[in-house]
Amino acid sequence: MAQRKIHLVIMAGGIGSRFWPMSTGEMPKQFIDVLGVGKSLLQMTVERYDGICDIENTWIVTNVKYVDIVKEQLPLLPEGHILCEPCRRNTAPCIAYVSWKIKSIDPKANIVVAPSDHLVTNTEEFKRVIKDGLRFTSETDSIVTLGIKPTRPETGYGYIQADLTSSSLRSKDIYRVDSFREKPDLATAQQYIKKNNFYWNSGIFLWNVSTIVNAFRVYQPSMSKIFESLLPIYGTENEQSEIDRVFPTCESISVDYAIMEKAEEIFVCPCDFGWSDLGTWGSLLEQTKKDLYGNGCIGNDIQMYESNNCMVHTLQEKKVVIQGLDGYIVAENDDTLLICKLSEEQRIKQFIE
């Protein structure tokens with residue numbers, strides 16, 4: 001692994017507002033202090049790789065309208081390491097762009113690609129897994145994805161089916177992928193849970209730059225030609241204008257569809273390091289320290305009376321008193337207050353449109 005520099009790519013272009021009113025299209029959840037710890041999820045993600053990847057080799061891919069936020073939250077990020085997507089095209093074009101960009105300056109790079117808005121509670125185990133996976137990808141032409149051991153029949157995650165009959169010769173903790181599965185219905189998820197070889201798809205990928213570039217050449221030739229043609233342009237003053245020109249011509253497709261489900265040398269490392277994609281208020285409640293009555297409270301002074309199983313997020317209020325609620329979300333941001341049943345949070349979007 002010493003022969004290859006490690007580069008970290010963080011995808012931070014999402015515009016989701018699943019934590020409304022705290023997150024919005026102007027300030028998505030990756031830039032917000034969701035946990036009330038004084039750091040955004042993006043900042044926590046970068047910190048998680050401390051000791052694995054230097055900030056000099058860290059890259060953030062984001063929408064052009066979030067560039068100033070990234071600069072403010074990551075002031076040590078080198079100039080030119082924020083790559084701007086002129087429009088949304090899912091994860092495959094995003095990864096193709098940054099892969100060829102890294103290849104232009106470090107053709108032997110070993111790369112981790114990660115979302116910007118996930119939570120990990122056991123960082124030491126996380127680092128062990130990442131280091132082991134990077135050692136594997138530095139020595140092989142393989143793609144490794146992290147599979148999270150499921151704790152419930154979750155319908156909001158994709159799944160990875162692993163072949164556990166034998167581990168890789170180079171690592172006893174890494175196995176071949178049998179298949180990727182879409183987000184299942186509840187009955188299917190329950191069947192997955194009964195088996196021991198299905199894992200949640202974390203969206204964290206490891207590979208060396210030659211492996212991923214070659215995979216794009218084989219499985220997405222038209223997309224690869226676009227970014228290959230820009231090799232003389234990367235790092236010049238014309239890079240952004242050329243990206244603005246060609247990026248919208250790319251197919252909007254996820255890297256799972258574009259590469260993962262087609263490539264042959266795909267492996268999964270089963271993991272258990274306290275992972276959550278924090279996609280809902282309910283998932284935040286699961287990750288928040290709760291009182292004796294199941295309430296998760298994030299704020300300066302929150303007093304709960306005769307209330308159970310509530311998620312309260314009120315960082316901007318000096319004092320909050322709640323009485324008589326069971327299974328509710330209470331959240332505020334600026335001049336907006338949300339009070340909603342946790343069981344109905346999927347309907348929030350229709351309320352605010």
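Reckoned from all heavy atoms, side chains included, excluding hydrogens, waters and symmetry mates. What you are looking at is a predicted structure, and each value in this text was computed from that prediction instead of being measured.
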is_close_aromatic(Phe267, Phe136), centroid dist under 6.0 Å: yes
Ring centroid separation Trp281 to Phe19 under 6.0 Å: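 Under 6.0 Å, so yes.
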Quick one: closest heavy-atom pair of [X] and [Y], and the distance?
X: Ala92; Y: Ala258; answer: CB-CB, 3.8 Å
X: Cys250; Y: Met223; answer: SG-CG, 4.3 Å
X: Cys310; Y: Met304; answer: CB-CE, 4.0 Å
X: Ser99; Y: Val209; answer: O-CG2, 3.4 Å
X: Leu119; Y: Leu278; answer: CB-CD1, 3.7 Å
X: Val112; Y: Leu134; answer: CG2-CD2, 3.6 Å

Linked, directly or transitively: [X] and [Y] (ILVMFWY side chains, under 4.5 Å):
X: Phe247; Y: Trp100; answer: yes
X: Val34; Y: Val46; answer: yes
X: Ile130; Y: Val177; answer: no
X: Val320; Y: Met311; answer: no
X: Val129; Y: Leu8; answer: yes

Distance check, rounded to the nearest 0.5 Å: [X] atom [atom1] versus [Y] atom [atom2]?
X: Thr280; Y: Leu342; atom1: OG1; atom2: CG; result: 8.5 Å
X: Met22; Y: Ile298; atom1: CE; atom2: CD1; result: 7.5 Å
X: Gln30; Y: Ser40; atom1: CD; atom2: OG; result: 8.5 Å

Flag, side chain of Asn214 to backbone of Ser210, donor-acceptor distance under 3.5 Å: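 At least one qualifying donor-acceptor pair exists.
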Main-chain N/O of Asn196 paired with Tyr199 side-chain donor or acceptor, under 3.5 Å: yes
Steps toward side chain to side chain contact (heavy atoms under 4.5 Å, CB included) verdict (Val9, Ile102): CA-CA 10 Å; Val9 174; Ile102 292 173; 3.8 Å; yes
Could I get the full list of salt bridge (charged side-chain N to carboxylate O under 4.0 Å, His left out) partners for [X], not counting sequence neighbours?
X: Arg128; result: Glu125, Asp173
X: Glu317; result: none
X: Glu332; result: none

Would you be so kind as to tabulate the donor-acceptor pairs closer than 3.5 Å made by side chains of residues 156-163, with sequence neighbours excluded?
| unit_1 | atom_1 | unit_2 | atom_2 | d |
| --- | --- | --- | --- | --- |
| Tyr157 | OH | Asp277 | OD1 | 3.2 |
| Tyr159 | OH | Glu154 | N | 3.2 |
| Tyr159 | OH | Glu154 | O | 2.7 |
| Tyr159 | OH | Trp200 | NE1 | 3.2 |
| Gln161 | OE1 | Ser179 | OG | 2.9 |
| Gln161 | OE1 | Arg181 | NH2 | 2.7 |
| Asp163 | OD1 | Thr165 | N | 3.1 |
| Asp163 | OD1 | Thr165 | OG1 | 2.5 |
| Asp163 | OD2 | Thr165 | OG1 | 3.4 |

Worked verdict on Val268 versus Ile174 for side chain to side chain contact (heavy atoms under 4.5 Å, CB included): CA-CA 6 Å; Val268 60; Ile174 294 177; over 6 Å; no
Full working for side chain to side chain contact (heavy atoms under 4.5 Å, CB included) between Ile322 and Asn295: CA-CA 11 Å; Ile322 294 172; Asn295 301 303; over 6 Å; no
Got a list of side-chain donor-acceptor pairs under 3.5 Å for residues 74-87, not counting sequence neighbours?
| unit_1 | atom_1 | unit_2 | atom_2 | d |
| --- | --- | --- | --- | --- |
| His81 | ND1 | Thr58 | O | 2.9 |

Judged by modelled atom types alone, do [X] and [Y] share a side-chain donor-acceptor pair under 3.5 Å?
X: Tyr305; Y: Gln303; result: yes
X: Thr211; Y: Asn208; result: yes
X: Asn110; Y: His7; result: no

Heavy atoms of other groups near Glu47 CD, more than 12 under 6.0 Å: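 Atom CD in Glu47 is crowded, with more than 12 foreign heavy atoms closer than 6.0 Å.
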Trace of the side chain to side chain contact (heavy atoms under 4.5 Å, CB included) decision for Met11 with Ile95: CA-CA 9 Å; Met11 296 180 288; Ile95 289 173; 4.0 Å; yes
Ion pair Asp106/Lys5, N-O distance below 4.0 Å: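 Salt bridge flag = no for Lys5 with Asp106.
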Carboxylate-amine/guanidinium proximity below 4.0 Å for Arg89 and Glu251: no
Of all pairs that satisfy side chain to side chain donor-acceptor pair (under 3.5 Å), the ones with a partner from residues 235-245, not counting sequence neighbours: Tyr97-Glu239, Lys101-Glu239, Gln240-Asp244, Glu242-Arg245
